Amino acid sequence: MLNNKVSIAELAERLALRFNIAQNDAVTIVKATRDFFIDNISAQNRIVIKRFGSVKYTKVLPYESRNPLTGEKVVTKHKSVPRFTPVRSTIRYIDDN
C-alpha cells in the first residue's frame, strides 16, 4: 500500500469492515482523527503515534541561499518545519516492502 492515496471513504470502509462497525461511525472516526492531526500540526504541537512515529516541529534559522535561475543570493526567513521520525518497526516495514 505504499505510495497509494486512500480516500476518507476507502479508509472508513476498511475500518468498518475490520472492526464491524457502521459505515457512518467509521466516517466520523476517520474525519475526527484527520481534524485532530490538522489542528495539532497547525498549532505546531508534537504528535506521537505509538509503534508508528512522531511529528514535531524543528526551528530553522535564516540562512543564505542562491536562486538557481539567476544566481542571485537570497536570505531565507526563520521558519518551523515539521519532521516525522519513524520508530524502528515502521522503518523495518518500509524496508521489507
Side-chain angles (χ1 to χ4, degrees):
M1 192 170 116
L2 293 176
N3 297 324
N4 291 334
K5 292 183 180 181
V6 178
S7 69
I8 289 176
E10 291 171 312
L11 191 55
E13 184 179 339
R14 292 179 190 182
L15 187 67
L17 290 173
R18 176 152 184 191
F19 294 102
N20 197 24
I21 59 175
Q23 182 76 19
N24 289 342
D25 293 340
V27 169
T28 301
I29 291 168
V30 171
K31 286 183 177 180
T33 304
R34 178 202 59 195
D35 293 344
F36 169 81
F37 279 102
I38 290 171
D39 293 344
N40 280 281
I41 288 174
S42 296
Q44 296 188 4
N45 294 331
R46 183 171 187 232
I47 300 173
V48 178
I49 305 168
K50 291 195 181 232
R51 295 189 284 170
F52 183 70
S54 65
V55 177
K56 66 179 179 178
Y57 275 81
T58 304
K59 293 182 181 181
V60 178
L61 298 175
Y63 59 93
E64 194 173 276
S65 187
R66 180 180 71 78
N67 181 332
L69 297 177
T70 64
E72 176 186 358
K73 289 186 179 182
V74 179
V75 177
T76 64
K77 296 180 181 179
H78 164 80
K79 58 186 172 182
S80 294
V81 180
R83 303 275 187 214
F84 174 70
T85 306
V87 295
R88 287 187 197 131
S89 59
T90 302
I91 294 170
R92 274 190 240 117
Y93 177 80
I94 291 170
D95 288 344
D96 292 345
N97 292 311

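Since we're looking at a predicted model, the values are computed, not measured.
- Rounding to the nearest 0.5 angstrom, the gap separating the CG atom in Leu15 from the CD atom in Glu10 is 13.5 Å.
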Before you tell me yes or no, could you show the steps for Phe52 and Phe84 under side-chain contact (heavy atoms from CB on, under 4.5 Å), namely the whole-Å CA-CA distance, both residues' side-chain angles and the distance that decides it to 0.1 Å? CA-CA 10 Å; Phe52 183 70; Phe84 174 70; 3.6 Å; yes
Which donor-acceptor pairs under 3.5 Å do the side chains of residues 21-36 make with protein atoms, sequence neighbours left out?
{"from": "Thr28", "atom 1": "OG1", "to": "Asn24", "atom 2": "O", "distance (Å)": "3.0"}
{"from": "Thr33", "atom 1": "OG1", "to": "Ile29", "atom 2": "O", "distance (Å)": "2.8"}

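- Under the 4.5 Å side-chain heavy-atom criterion for Ile, Leu, Val, Met, Phe, Trp and Tyr, Val55 and Ile49 are members of the same hydrophobic cluster.
- Looking only at distances, a side-chain donor or acceptor of Thr76 sits under 3.5 Å from a matching main-chain atom of Tyr63.
- Hydrophobic clustering (side-chain heavy atoms under 4.5 Å, transitive across Ile, Leu, Val, Met, Phe, Trp, Tyr) keeps Ile91 apart from Val87.
- Residues satisfying the side chain to side chain contact (heavy atoms under 4.5 Å, CB included) test with Arg51, not counting sequence neighbours, are none.
- Both Phe19 and Leu11 are part of a single hydrophobic cluster, where members link through side-chain heavy atoms under 4.5 Å apart.
- Heavy-atom neighbours of Asn20 CG from other residues, nucleotides or ligands within 6.0 Å: at or below the threshold of 12.
- Taking the side chain as every heavy atom from C-beta outward, Ser80 and Lys59 approach each other to under 4.5 Å.
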